[in-house]
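The block underneath contains the structure these notes are about, expressed in structure tokens.
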Number of protein chains: 2
Amino acid sequence: MALRHAVLAALLAGDGSDGDGSGEYSGYQLAKAFDIGVANFWHALPQQLYAELARLEKEGLVAGRHVVQETRPNKRMFRVTQAGLAEFEAFAAATPKASFIRDDLMVKVQAADSVDTAPVIEQLEERAALAEAKIELFGKVLRKMRGELDEEEFLRRGEPIGPYLTCLRGLALERENRDWGLRVAAVLRERRTDEAR
Amino acid sequence: MALRHAVLAALLAGDGSDGDGSGEYSGYQLAKAFDIGVANFWHALPQQLYAELARLEKEGLVAGRHVVQETRPNKRMFRVTQAGLAEFEAFAAATPKASFIRDDLMVKVQAADSVDTAPVIEQLEERAALAEAKIELFGKVLRKMRGELDEEEFLRRGEPIGPYLTCLRGLALERENRDWGLRVAAVLRERRTDEAR
DNA sequence: TCTGATTACTCAGTTTCTTGACTATGATGA
DNA sequence: TCATCATAGTCAAGAAACTGAGTAATCAGA
């Protein structure tokens, strides 16, 4: 039960991205938010989110209300309750689990001495290109969050600060992704041609 | 079924860390290897590894042999079979799944606007200290892998190159961990004192 | 001599995640 | 007009991972 805290965090930080400032999300919107911002530190599929929201509601940690729409299917909007905030507060104070990563590409690189590296090199370069795109996206997102403030100012006074800080981390990670990907691709490529001589 | 590939990669890359150059590991040694090198891109508990090795053996992707020891409990040493290598080769050529991260601390930071940040700041600083220790460890591991070669030389000709490259990534990640952790701790601390005025 | 660490593994139960559907409606674009 | 995308979900089966415990021997240090 750890996804629940990511969901609560997303709901609590809910002002930043959609501009409605309500801290209220539908399951569908939550899934979107997970794709963009939360994906930097937590990965979850929409089905998991719906299931988790249902569980959280049953336990009274979030409250949902039906919203009838004319042009769109009806939906349910969720917000964090007092009990939910208390639960999150307890989680925040507890010692965190070690972060963990799982990365197919690194598994492949680990065995680079034993397998054909040609496809791996391609994948590394694709990954780098994807990272590049994300870097640009994050740049835009950060600028938008900052508004007219410069970074230093925003870090001192801007709000919400949480999503901004995690987005900074996402940016740094993607830069690493890109740099490492290109570097490793170059190294492996170089070694292939050397080998072929 | 994804852990299996991490296990195969660890066995295939098995020369680097233990110096025996055999590509052979016991479940116990594998668990150690996962703690040090593989943990950079895959996290798994010993129980999982034993279970996975059993499955892999049943499918003929690894072969185990009993080793009787006098001073220590007997053990089983595993190496990757031809079928195992073929399986891994297919995995390496297939498009990789998106990497995924899960990080409690970032979940907490995401909700920094809604919760008491005092414990989070402490955790960030602990995390930074831990990262610092890992940075030093990785530095040593890399130096040992390089031997007398300098980095450029090693990247061109050194072996095994796979573990070296993934370790470089681990190092970069830990540096990010440390820098981000200290930065965020400082920002949140600063905002607390401002708030208190 | 007792404690704790290290080597070496096993098992069962539970939770969590992934996969791959399926249901609807309205809007958008070719 | 037809296809596809976006909204807004739900369901169920199976794979994978995690938790927590237990077994058993040797060795090093207090």
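Hydrogens, waters and symmetry mates play no part in the numbers below; they use all other heavy atoms, side chains included. Just so we're on the same page: letters track the sequence lines, and every chain starts at 1. These numbers come from a predicted model, not from an experiment.
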Checklist outcome for this item: To the nearest angstrom, the CD-C1' distance between A:Gln48 and D:dC11 comes to 15 Å
Checklist entry - How would you give the extent of chain A contacts on DNA chain C, as first and last nucleotide 5' to 3' within a 4.0 Å heavy-atom cut-off? => result C:dT16 to C:dA27
Checklist entry - Rounded to the nearest Å, what distance is computed from the CD atom of residue A:Glu52 to the C1' atom of nucleotide D:dT10? => result 16 Å
Checklist entry - Hey, does the side chain of B:Arg72 come within less than 4.0 Å of D:dA24's phosphate (OP1/OP2), counting only N and O? => result no
Item to check | Euclidean distance, atom CG of residue B:Asp104 to atom P of D:dC18 [Å, nearest integer] | outcome: 13 Å
Item to check | Nucleotide D:dA17, atom C1' - distance to OH of B:Tyr50 in whole Å | outcome: 18 Å
Next on the checklist: Under 4.0 Å, counting only non-hydrogen atoms across every strand here, what does A:His66 touch: a base, just sugar-phosphate, or nothing?
Outcome noted: nothing
Item to check | Contact under 4.0 Å: A:Lys32 side-chain N or O vs D:dA8 OP1/OP2 | outcome: no
Item to check | Interatomic distance where CG belongs to A:Leu49 and P belongs to D:dG9 [whole Å] | outcome: 11 Å
Next on the checklist: Once you apply a heavy-atom cut-off of 4.0 Å, does B:Arg4 come out as touching a base, just sugar-phosphate, or nothing?
Outcome noted: nothing
Checklist entry - Which part of the nucleic acid, if any, lies within reach of A:Gln47 when heavy atoms closer than 4.0 Å are counted: base, sugar-phosphate only, or nothing? => result base
Checklist entry - Looking for any heavy atom pair under 4.0 Å, which part of the strands does B:Arg55 touch: base, sugar-phosphate only, or nothing? => result nothing
